[in-house]
Amino acid sequence: MSAFAEFLINGVSLGSIYALIALGFVVIFRATEVVNFAHASLLLAGGYVTAVLHDEIGFWSALLAGVAGAALVGAAVEFLVMRRHRGGDHSVLAIVTIGVDILLATELTRRIGTDILALGDPWGDAVVTVGPVTIAETRIAALLAAALLITAFLLAFRYTSWGVAMRAAAERQETAALMGIRLGRVSLGAWAVAGGLAAVAALFLTVFPTPGLERATSLAALKAFPAAILGGLDSTTGALVGGLLVGVTESLATGYQGDLAFLGRGIGDLAPYLVMVAVLLIRPAGLFGTKEPARV
């Protein structure tokens, strides 16, 4: 029973990190109706800036610099690339983000090389023991940080002028533009917010028990993609639920991998995609996604 509790708590913590990444996918999709496949590079960029600067300016300042750096990279991609093709086919724009991801990832992996970079977090390998359950402090910090950031985002999304503008643009961009909403600012803000959230996620993906930031860290964004899809790409609530569902599924599948040996090795990595496929077979728009009306 204690093992199950540990797997469950770790899964919820991991799922909250995935929710931050999935929220970035959703924010950009709601603002632009484009699936951002460059999100993995934003995550890697934020983590890299934090790792490089933490020895010089301290961990918290480096983390703020990493968040700001990833936000600036996201805003630059929107301003220099995506804005030039606004109004184009959304499928083509999604392919453009793949090209952007290749360029950014190539440069970042060249800089990282074969090194594993520490981010200088203050928790180290400390653990908290409650009865028979032992949880790493980094997992608790990840859960609290994600809860705080997601709550702040949802409040801003609902009550600020930027959130109102984004919701209006998500409903109908042409009408929002006619009502005086500047779609360029909405899109720029969405890319910046997505980058900042990805930088925080990069931190908690690379601290204990993970050894640090490496070239493959960006692949974690691929695990968060099923969370965004199964929750619904246009639903902020779906990003949260999808992230938790994927995190818990991965943690339990990995923890009980020995009992699931008949399914093959690496079932923990495959489990999120199996859950995504199962959900989409029942609800093609995702758990909270908007169903597109069709004339029959």
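- Panel note: side chain E214, backbone L117; no donor-acceptor pair is recorded below 3.5 Å.
- Taken from CG in L213 to OG1 in T50, the straight-line distance is 9.0 Å, to the nearest 0.5 Å.
- When atom types are taken as modelled, the side chain of D121 and the backbone of G124 share a donor-acceptor pair closer than 3.5 angstrom.
- Note that CD1 of I150 and CG of L154 are 7.0 Å apart. Values are rounded to the nearest 0.5 Å.
- Heavy atoms only, all atoms of each residue included: V246 and P272 are closest at CG1-CB, 3.5 Å.
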- Give the C-alpha distance, both sets of side-chain angles, the deciding distance and a yes or no for side chain to side chain donor-acceptor pair (under 3.5 Å) between D101 and S41. CA-CA 6 Å; D101 181 65; S41 293; 2.5 Å; yes

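- The shortest side-chain heavy-atom distance between D234 and V26 does not fall under the 4.5 Å cut-off.
- The two residues V100 and A38 come nearest to each other via the heavy atoms CG1-CB, 4.1 Å.
- Between A194 and I28 the shortest heavy-atom distance is CB-CD1, 3.7 Å.
- For R83 (side chain) and G184 (main-chain N/O), a donor-acceptor pair under 3.5 Å exists by modelled atom type.
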- Item | Trace of the side-chain contact (heavy atoms from CB on, under 4.5 Å) decision for F37 with I95 | CA-CA 8 Å; F37 290 105; I95 295 174; over 6 Å; no

- Test side-chain contact (heavy atoms from CB on, under 4.5 Å) on V133 and V128 and set out the steps. CA-CA 8 Å; V133 179; V128 174; over 6 Å; no

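- Connection of I17 to F59 is established within a shared hydrophobic cluster, with ILVMFWY side chains joined at heavy-atom distances below 4.5 Å, either directly or through further cluster members.
- Note on residues 16-31: pairs passing side chain to side chain donor-acceptor pair (under 3.5 Å), not counting sequence neighbours, are Y18-E250.
- When all heavy atoms of A271 and A253 are compared, the closest pair comes out as CB-CB, 3.9 Å.
- With a 4.5 Å cut-off on side-chain heavy atoms, R139 and I9 do not count as touching.
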- Task: Please lay out, stage by stage, how L280 and M276 fare under the test side-chain contact (heavy atoms from CB on, under 4.5 Å).
- Result: CA-CA 6 Å; L280 293 182; M276 178 186 72; 3.9 Å; yes

- Message: One pair to check against side-chain contact (heavy atoms from CB on, under 4.5 Å): F157 and V164. What are the steps and the verdict?
- Response: CA-CA 7 Å; F157 187 71; V164 173; over 6 Å; no

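- Side-chain contact between T97 and V35: absent, with no pair of heavy atoms (C-beta onward) separated by less than 4.5 Å.
- L233 CG to F29 CZ: the interatomic distance, rounded to the nearest 0.5 Å, is 5.5 Å.
- Once rounded to the nearest 0.5 Å, the distance linking CG of L219 with CG of L205 reads 11.0 Å.
- A distance of 4.0 Å separates OG1 in T206 from CG in L119, rounded to the nearest 0.5 Å.
- Panel note: side chain T249, backbone L245; a donor-acceptor pair is recorded below 3.5 Å.
- When the side-chain hydrogen bond (donor to acceptor under 3.5 Å, both in side chains) test is applied to S187, the partners found at least two apart in sequence or on another chain are E78.
- Looking at heavy atoms from C-beta onward, R215 lies in side-chain contact with T114 at the 4.5 angstrom threshold.
- Classified by interplanar angle (parallel below 30°, tilted 30° to 60°, perpendicular above 60°), the ring pair W162/F153 is perpendicular.
- Annotation: side chain of L197 is not in contact with side chain of I21 (no heavy-atom distance under 4.5 Å).
- For the pair F204/L20, no side-chain contact is recorded, criterion being any heavy-atom separation below 4.5 Å from C-beta on.
- Of the possible polar contacts, none joining the S235 side chain to the G232 backbone as a donor-acceptor pair under 3.5 Å is found.
- Of the possible polar contacts, none joining the T134 side chain to the T129 backbone as a donor-acceptor pair under 3.5 Å is found.
- Relative ring orientation between H39 and F25 is described as tilted, the plane-to-plane angle lying within the 30° to 60° band.
- Rounding to the nearest 0.5 angstrom, the gap separating the CZ atom in F79 from the CG atom in L188 is 8.0 Å.
- Side-chain contact between R283 and F288 is absent, with no heavy atoms from C-beta onward closer than 4.5 Å.
- Here the side chains of N36 and L42 are in contact, with some heavy-atom distance below 4.5 Å.
- As a member of the Ile/Leu/Val/Met/Phe/Trp/Tyr network built from side-chain separations under 4.5 Å, L155 groups with Y159.
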